[in-house]
Participant: 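Quick one: the structure is below, and I'll ask about it shortly.
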Amino acid sequence: YVAGLKEEDEVTEEIDASVFGSLYHKTMELIYKDFKNEEITAAIIDKISLGHNIKKHMDQAFREEFLKNDNPGITVKPEGRNIIIYEIINKMVLRTLLNDRSATPFIFQDTEQNIDDVFIETDSSGKIHMGGKIDRLDIREGKLHVLDYKTGKVSLSFPSLEYVFDRDAWGSQENLKGVFQTFMYSWLYSKKFNQTNFITPGIYLT
């Protein structure tokens, strides 16, 4: 990861858990990427939610994330267990859009934004960076919302901010990585862009 190396793309017959999340993330990215810095209204959400629009973006996501081929001429035709997964992702996308509709109007600022900043400068003039990729940035009622999509089990309740940063205290039944991640991304964003306005970290549970 540090060297910037990646595993070779591999095409598998069935969709595993990691690819499942990637398919949902990619579909949402494709749906909203043409609306960068635009105000999203209920009418826009209704237009996006039409079946053929979602299918077009889902098929592209399947080509890129599952088939590892972004050629639009390739027909996506899930088979076997993947048919069920395709339908589940479709329902998750629709549920997300329904939730977005209830929050309109809002400004969709960006999607899949890389965030990176110096975390520590060592005595030997070395620098340790911390970063990641923010799934989504919205502006709602003048406040910036740093949002993260989650398709797995996530805990949202915690007694204090310090508790979130104490992984040993979580116990075997909790998974606060998502909460930690959104706090970290919000802090990095405010630090890098000198964001002094109020930032709201949030998690989309699908």
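The figures that follow rest on heavy atoms only: side chains count, while hydrogens, waters and symmetry mates do not. These figures come from a predicted structure and were not determined experimentally.
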Participant: The criterion is salt bridge (charged side-chain N to carboxylate O under 4.0 Å, His left out); which residues satisfy it with K150, sequence neighbours excluded?
Facilitator: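 Testing K150 for salt bridge (charged side-chain N to carboxylate O under 4.0 Å, His left out), a comparison that skips the adjacent residues, returns D148.
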Participant: Taking C-beta and beyond as the side chain, do V146 and T182 meet within less than 4.5 Å on heavy atoms?
Facilitator: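 No, every pair of side-chain atoms sits at 4.5 Å or beyond.
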Participant: Check G131 against M184 and note the closest heavy-atom contact, atom names and distance.
Facilitator: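 Smallest heavy-atom distance, with atoms named: O-CE, 4.1 Å.
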Participant: Please report the interatomic distance NZ(K56) to CG(L30), rounded to the nearest 0.5 Å.
Facilitator: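 The distance works out to 9.5 Å.
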Participant: Not counting sequence neighbours, which residues clear side chain to side chain donor-acceptor pair (under 3.5 Å) with H57? List them please.
Facilitator: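 None.
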Participant: May I ask you to decide if D135's main-chain N or O and T111's side chain share a donor-acceptor pair within less than 3.5 Å?
Facilitator: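 Looks like yes, one N/O pair under 3.5 Å.
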Participant: Should F158 and L176 be marked as a side-chain contact (heavy atoms from CB on, under 4.5 Å) after you check the CA-CA gap, both sets of side-chain angles, and the distance that decides it?
Facilitator: CA-CA 8 Å; F158 51 93; L176 288 169; 4.2 Å; yes
Participant: Could you check if a side-chain atom of M28 sits within less than 4.5 angstrom of a side-chain atom of V93, using non-hydrogen atoms only?
Facilitator: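 Answer yes - side chains close enough.
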Participant: Roughly how far, to the nearest 0.5 Å, is CD1 of I45 from CG of N99?
Facilitator: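 The distance works out to 9.5 Å.
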Participant: Can you name the residues that form a side-chain contact (heavy atoms from CB on, under 4.5 Å) with A43, not counting sequence neighbours?
Facilitator: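 Partners of A43 by the side-chain contact (heavy atoms from CB on, under 4.5 Å) criterion, ordered by chain and then number, come out as T41.
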Participant: Donor-acceptor pair, R63 side chain versus I74 backbone, under 3.5 Å?
Facilitator: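 The answer is yes, because a donor-acceptor pair under 3.5 Å joins these two groups.
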Participant: Report the residues that fulfil side chain to side chain donor-acceptor pair (under 3.5 Å) with N90, sequence neighbours left out, ordered by chain and then residue number.
Facilitator: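 Listed in chain order: nothing, the list is empty.
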Participant: About how many Å separate CD1 of I89 and NZ of K26, when rounded to the nearest 0.5 Å?
Facilitator: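 So the NZ of K26 and the CD1 of I89 are separated by 14.0 Å.
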Participant: Please tabulate, for the side chains in residues 31-40, all donor-acceptor contacts under 3.5 angstrom to protein atoms that are two or more places apart in sequence or on a different chain.
Facilitator:
from: Y32; atom 1: OH; to: D100; atom 2: OD2; distance (Å): 2.6

Participant: Within this structure, what is the CG-CG distance for the pair N114 and L188, rounded to the nearest 0.5 Å?
Facilitator: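 It is 12.0 Å, given to the nearest 0.5 Å.
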Participant: So D110 and Q113, side-chain contact (heavy atoms from CB on, under 4.5 Å) or not? Walk me through it.
Facilitator: CA-CA 7 Å; D110 206 356; Q113 184 179 89; 3.0 Å; yes
Participant: With rounding to the nearest 0.5 angstrom, report the OG to NZ distance, S155 to K177.
Facilitator: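 Spacing of OG (S155) from NZ (K177) equals 11.0 Å.
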Participant: Using side chain to side chain donor-acceptor pair (under 3.5 Å) as the criterion, list what pairs up with K133, not counting sequence neighbours.
Facilitator: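 Listed in chain order: nothing, the list is empty.
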Participant: side-chain contact (heavy atoms from CB on, under 4.5 Å) with L156: which residues, sequence neighbours excluded?
Facilitator: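 If we apply the side-chain contact (heavy atoms from CB on, under 4.5 Å) test to L156, skipping adjacent residues, the hits are V154, V179, I203, L205.
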Participant: Are K47 and I44 close enough that some pair of their side-chain heavy atoms sits under 4.5 Å apart?
Facilitator: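 They are not in side-chain contact.
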Participant: Taking the side chain as C-beta and beyond, is there a heavy-atom pair between I199 and K143 under 4.5 Å?
Facilitator: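 Sidechains of K143 and I199: no contact.
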Participant: To the nearest 0.5 Å, what is the distance between CD1 (I54) and CG (L97)?
Facilitator: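 Going from CD1 on I54 over to CG on L97, the span is 5.5 Å.
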Participant: Holding to side chain to side chain donor-acceptor pair (under 3.5 Å), I want the full list of residues that pass it with D138, two or more places apart in sequence or in another chain.
Facilitator: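 Side chain to side chain donor-acceptor pair (under 3.5 Å) check on D138 returns R136, R140.
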Participant: Y204: what forms a ring-ring contact (aromatic ring centres under 6.0 Å, His included) with it, not counting sequence neighbours?
Facilitator: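 Once residues adjacent in sequence are excluded, the partners of Y204 under the ring-ring contact (aromatic ring centres under 6.0 Å, His included) criterion are Y149.
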Participant: Once side-chain contact (heavy atoms from CB on, under 4.5 Å) is applied, do any residues pair with L98, and if so which ones, sequence neighbours excluded?
Facilitator: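 Checked L98 against side-chain contact (heavy atoms from CB on, under 4.5 Å); zero matches.
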Participant: Are I83 and M58 linked, directly or through other ILVMFWY residues, by side chains that come within less than 4.5 angstrom of each other?
Facilitator: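 Each belongs to a different hydrophobic cluster.
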Participant: Going by heavy atoms in the side chains, are Y163 and S160 under 4.5 Å from each other?
Facilitator: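 Sidechains of S160 and Y163: in contact.
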Participant: When you compare the side chain of E112 with that of H25, does any pair of heavy atoms fall below 4.5 Å?
Facilitator: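 In contact.
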Participant: Can you check side-chain contact (heavy atoms from CB on, under 4.5 Å) on F183 and L161, steps first, answer last?
Facilitator: CA-CA 9 Å; F183 276 128; L161 186 59; 3.8 Å; yes
Participant: Over all heavy atoms of both residues, which pair between L23 and T27 is shortest? Give the atoms and the distance, please.
Facilitator: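 Minimum heavy-atom contact is O-OG1, 2.7 Å.
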Participant: For residues Y185 and G132, report the shortest heavy-atom separation together with the two atoms involved.
Facilitator: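 Of all heavy-atom pairs spanning Y185 and G132, the closest is OH-CA, 3.6 Å.
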Participant: So do N82 and F66 actually touch side chain to side chain, heavy atoms under 4.5 Å?
Facilitator: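 In short, these two side chains touch, coming nearer than 4.5 Å.
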Participant: Kindly determine whether D46 and R101 satisfy side-chain contact (heavy atoms from CB on, under 4.5 Å), including the steps that lead there.
Facilitator: CA-CA 8 Å; D46 290 342; R101 193 183 192 283; 2.8 Å; yes
Participant: Are L144 and F193 packed together at the side-chain level, in the sense that at least one heavy-atom pair is separated by less than 4.5 angstrom?
Facilitator: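 The answer is no; the side chains never approach within 4.5 Å.
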Participant: Check side-chain contact (heavy atoms from CB on, under 4.5 Å) between T151 and all other residues, then give those that pass, not counting sequence neighbours.
Facilitator: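 For T151, the residues satisfying side-chain contact (heavy atoms from CB on, under 4.5 Å) (neighbours in sequence not counted) are F20, Y24, M92, T206.
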Participant: Using the test ring-ring contact (aromatic ring centres under 6.0 Å, His included), find all partners of F106 that sit at least two apart in sequence or belong to another chain.
Facilitator: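 If we apply the ring-ring contact (aromatic ring centres under 6.0 Å, His included) test to F106, skipping adjacent residues, there are no hits.
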Participant: Could you check whether atom NZ of K191 has more than 12 heavy atoms from other residues, nucleotides or ligands sitting under 6.0 Å from it?
Facilitator: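 Correct, the count exceeds 12.
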